Amino acid sequence: MTPAALLAVRNVRKAFGGVVANAGIDLDVTAGSIVGLIGPNGSGKTTLFNSIVGFHRIEQGTVRFDGREITGMSVAQTARRGLVRTFQQSHVYDHLSCLDNMRISTSHAGETPLDMLRRLPLEFEERASQLLDFAGLYEQRHTAGGELSYGQRKLLELAMALMSRPKLLLLDEPTAGVNPTMINGVMERLLRANAEMGITLLVIEHNMRVIMTLAQRIYCLAQGKVLASGLPEEIRSDPRVLEAYLGAGR
């Protein structure tokens, strides 16, 4: 692990029965960077995210974050250390307002709403409002999540993830299903979160325009292994990536 590496994944293996989802994955994310993770469906990207944050236990390998090994830690433990992820499917509650969704995002496992209100710092309202403004949702702060467009839900989910002040944010297809006219808005806010808030990003994305614009380095997975890694321009022209991911010659 290099001194500047915030996340180091080494030889990580995860199988489900006889199906090997990750087969000896090595991956580094440098502090302050945006790293992309691409690959065809079933290549093991989401499984790798789950392995990193402790959603499931790995059979082999290690995960180090911010200078310490976190292999075997739970999702709650890794989140408290500043490692947070979002999901392909939105975790916004339809019946709650944007502001209340922000409150829920700060809750701890097992606590009651009263416990949460007692624990919430006095500056919660100010921070939540600032992040909703950052996401372009301040005017909708009292709007129910179910009334938002899909793109707005993605932006709300980003604001919710930022509430805990993560050091590293893992984003699973942040522009999937988003109206093309809103994709640039999502990209802009991810770049701002990185540049203005200092948040390191590891991003799974199928939209090649998006990932080539966002990422400074890209890993491509195929059949549970790292097929290639490098700068966006290197990945774009790598014949192995073109064959496995983009389907060149098919």
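Computed from a predicted structure; not experimentally measured.
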Determine whether the aromatic ring centres of residues H56 and F49 are separated by less than 6.0 angstrom.
no
Are [Y] and [X] connected into the same hydrophobic cluster when the rule is that any two of I, L, V, M, F, W, Y join if their side-chain heavy atoms are below 4.5 Å apart?
X	Y	value
F134	L214	yes
L171	I183	yes
L231	V29	no

Side chain of [X], backbone of [Y]: donor and acceptor closer than 3.5 Å?
X	Y	answer
E196	A193	no
S149	Q152	yes
R240	L227	yes
E147	A144	no
S33	T30	yes
T78	V53	yes
Q216	I34	yes
N101	L96	yes
E205	N207	yes

Side-chain contact test, heavy atoms from C-beta onward, threshold under 4.5 Å: evaluate it for [X] versus [Y] and give yes or no.
X	Y	answer
V203	L37	no
M208	I38	yes
M73	R80	no
E69	V63	no
N22	R13	no
L83	Q77	no
L7	I52	yes
T86	L158	no

Apply side-chain contact (heavy atoms from CB on, under 4.5 Å) to the pair L201 and L190, showing each step before the final yes or no.
CA-CA 8 Å; L201 304 177; L190 292 178; 4.1 Å; yes
To the nearest 0.5 Å, what is the distance between [atom1] ([X]) and [atom2] ([Y])?
X	Y	atom1	atom2	result
T200	L6	OG1	CG	5.0 Å
L48	D172	CG	CG	10.5 Å
E233	D238	CD	CG	12.5 Å
L191	T213	CG	OG1	8.0 Å
D100	R141	CG	CZ	12.5 Å
M160	C98	CE	SG	9.5 Å

What are the two closest non-hydrogen atoms of [X] and [Y], and how far apart are they?
X	Y	answer
H206	N41	NE2-OD1, 3.3 Å
T71	T62	OG1-CA, 3.3 Å
G185	L155	O-CD2, 4.5 Å
V92	E157	CG2-N, 4.3 Å
Q60	N11	NE2-ND2, 2.9 Å
N194	I199	ND2-O, 3.0 Å

Is D94 salt-bridged to R153, going by a charged N under 4.0 Å from an acidic O?
yes
Does a side-chain N-to-carboxylate-O contact under 4.0 Å join D66 and R81?
no
Under the side-chain contact (heavy atoms from CB on, under 4.5 Å) rule, what do V35 and I218 come out as? Steps first, then yes or no, please.
CA-CA 6 Å; V35 174; I218 297 173; over 6 Å; no
Can you pull out every side-chain hydrogen bond (donor to acceptor under 3.5 Å, both in side chains) where at least one residue sits in residues 177-190? Sequence neighbours excluded, please.
N179-T181, N184-R209
Residues in salt bridge (charged side-chain N to carboxylate O under 4.0 Å, His left out) contact with D26, at least two apart in sequence or another chain
none
Does [atom1] belonging to [X] count more than 12 external heavy atoms closer than 6.0 Å?
X	atom1	value
Q223	CD	no
Y138	OH	no
R57	CZ	no

Chi angles and distances behind the side-chain contact (heavy atoms from CB on, under 4.5 Å) call for F65, K167:
CA-CA 10 Å; F65 174 67; K167 297 176 183 177; 4.0 Å; yes
Could you walk me through whether E125 and R103 satisfy the side-chain contact (heavy atoms from CB on, under 4.5 Å) test, starting with their C-alpha distance in whole Å, then the side-chain angles of each, then the deciding distance to 0.1 Å, before giving a yes or no?
CA-CA 9 Å; E125 196 88 16; R103 288 192 177 94; 3.2 Å; yes
Qualifying residue, where the test is side-chain contact (heavy atoms from CB on, under 4.5 Å) with K14 and the options are T47, V19, I25
T47
